[in-house]
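See structure below.
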Protein chains: 2
Amino acid sequence: MELIMVFKALSNETRINILIWLKEPRLHFPAEELQDYDANLGVCVSDITKKAGLSPSTTSDYLSLLQKCGLIEATRVGQWTYYKRNEGAIETLNNLIQKAF
Amino acid sequence: MELIMVFKALSNETRINILIWLKEPRLHFPAEELQDYDANLGVCVSDITKKAGLSPSTTSDYLSLLQKCGLIEATRVGQWTYYKRNEGAIETLNNLIQKAF
DNA sequence: TCGGAATTTCGGGAAATATCGATATGTTTG
DNA sequence: CAAACATATCGATATTTCCCGAAATTCCGA
């Protein structure tokens, strides 16, 4: 967990929002878009794309950036990729920030 | 306190370090450079510049960036500007991060 | 197997950031 | 006042980030 990489990832409103949306998907995505959410897979790229209002490619870039620094994790199921928060990593990060600053 | 501005400010190793150095100046600066530290003024720009190994202008830029987003505060005394952490703001920030993520 | 959907990857132009040296401003001291 | 400092600001260039569209990949269903 590279602290600087994490801060870079969080230096963007959309990426911050994605993390917040994924904290409570039911609050932020229409119910019919969350069919596989109960299986704890997360939310798929196209739903996040819609919500973010950006192009699919940008959204995909953002998601893989968040994944690279460990904040979220991906599960591929057929043609969909579901992303969810990596709560353990986020907790670790919070502790790290707490200690460092 | 703009969260994004804070994350941008922290997306740089030197700026992170400055915050950490200022947490415990005695640990990070030679004693003879901390003559006014006991007055709770902070550490002056040239000492931080030396420690950072960057140009004075860059260091000054960094400090005013950190100041703009509220993480540190400045006190001008004669020709010197002393910077110290804004512990209240940093605490607020930690709580904000805790809540948001 | 073919067409289409979801996603990723790639290349690029515009905008923002990093970092410097030069310059400007304000301060102290002779 | 002039010289010497400490710091801040400005202008320039190199690098990075933002965000897109096009193309590639993977998977599914007819």
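Letters A, B, ... mirror the listed sequences (proteins, then strands); counts begin at 1. In this text, all values refer to a predicted model and were calculated from it rather than measured experimentally.
Phosphate proximity of D:dC18 to A:Arg15: present, with a side-chain N or O under 4.0 Å from OP1 or OP2. Listed pair B:Ser46 / D:dT7 meets the phosphate criterion, a side-chain N or O lying under 4.0 Å from OP1 or OP2. Distances shown here put every side-chain N or O of A:Tyr62 at or beyond 4.0 Å from the OP1 or OP2 atom of C:dT8. Checking the phosphate oxygens (OP1, OP2) of C:dG21, no side-chain nitrogen or oxygen of B:Ser57 falls inside 4.0 Å. At the phosphate of D:dC18, OP1 or OP2 sits under 4.0 Å from a side-chain N or O atom of A:Asn12. Proximity of A:Thr58 to the phosphate of D:dC20: a side-chain N or O atom is located under 4.0 Å from OP1 or OP2. For C:dT8, the OP1/OP2 oxygens have a side-chain nitrogen or oxygen of A:Tyr83 closer than 4.0 Å.
Taking atom CE on B:Met5 and atom P on C:dA16, their separation rounds to 11 Å, with Å as the unit. Atom-to-atom, CG of B:Leu54 to P of D:dT7 comes out at 15 Å; the value is rounded to the nearest Å. B:Ile72 has its CD1 atom 14 Å from the C1' atom of D:dT7, to the nearest Å. Spacing between atom CD of B:Gln67 and atom C1' of D:dA8 amounts to 12 Å, rounded to whole angstrom units. Counting to the nearest Å, the P atom of D:dC10 and the CG atom of B:Leu65 are 16 Å from each other. In this structure, CG of B:Asp61 is placed 9 Å from P of D:dT9, rounded to the nearest angstrom. Atom OH of B:Tyr82 is separated from atom P of D:dA8 by 12 Å (rounded to the nearest Å). What separates CG of A:Leu63 from C1' of D:dC19 is a distance of 14 Å, to the nearest Å.
With hydrogens and angles disregarded, no donor-acceptor distance shorter than 3.5 Å links the side chain of A:Ser60 to the backbone of A:Pro56. Looking only at distances, no side-chain donor or acceptor of A:Thr58 sits under 3.5 Å from a matching main-chain atom of A:Leu54.
A salt bridge between A:Asp38 and A:Arg26 is present, with a side-chain N of the basic residue lying under 4.0 Å from a carboxylate O of the acidic one.
Remark on DNA chain D: of its neighbouring residues A:Gln79 and A:Lys8, the 5'-side contact belongs to A:Lys8, judged by nearest-heavy-atom nucleotide.
When the side chains of ILVMFWY residues are joined at heavy-atom separations under 4.5 Å, either directly or via intervening members, B:Ile72 and A:Phe7 end up in a single hydrophobic cluster. One hydrophobic cluster, built from ILVMFWY side chains closer than 4.5 Å, cannot hold both A:Leu71 and A:Leu41; they sit in different ones.
The side chain of B:Arg76 has D:dT7 as its nearest neighbour among D:dT7, D:dG21, C:dT8.
Note on A:Ser11: only backbone sugar-phosphate atoms sit closer than 4.0 angstrom, heavy atoms only; bases stay farther off.
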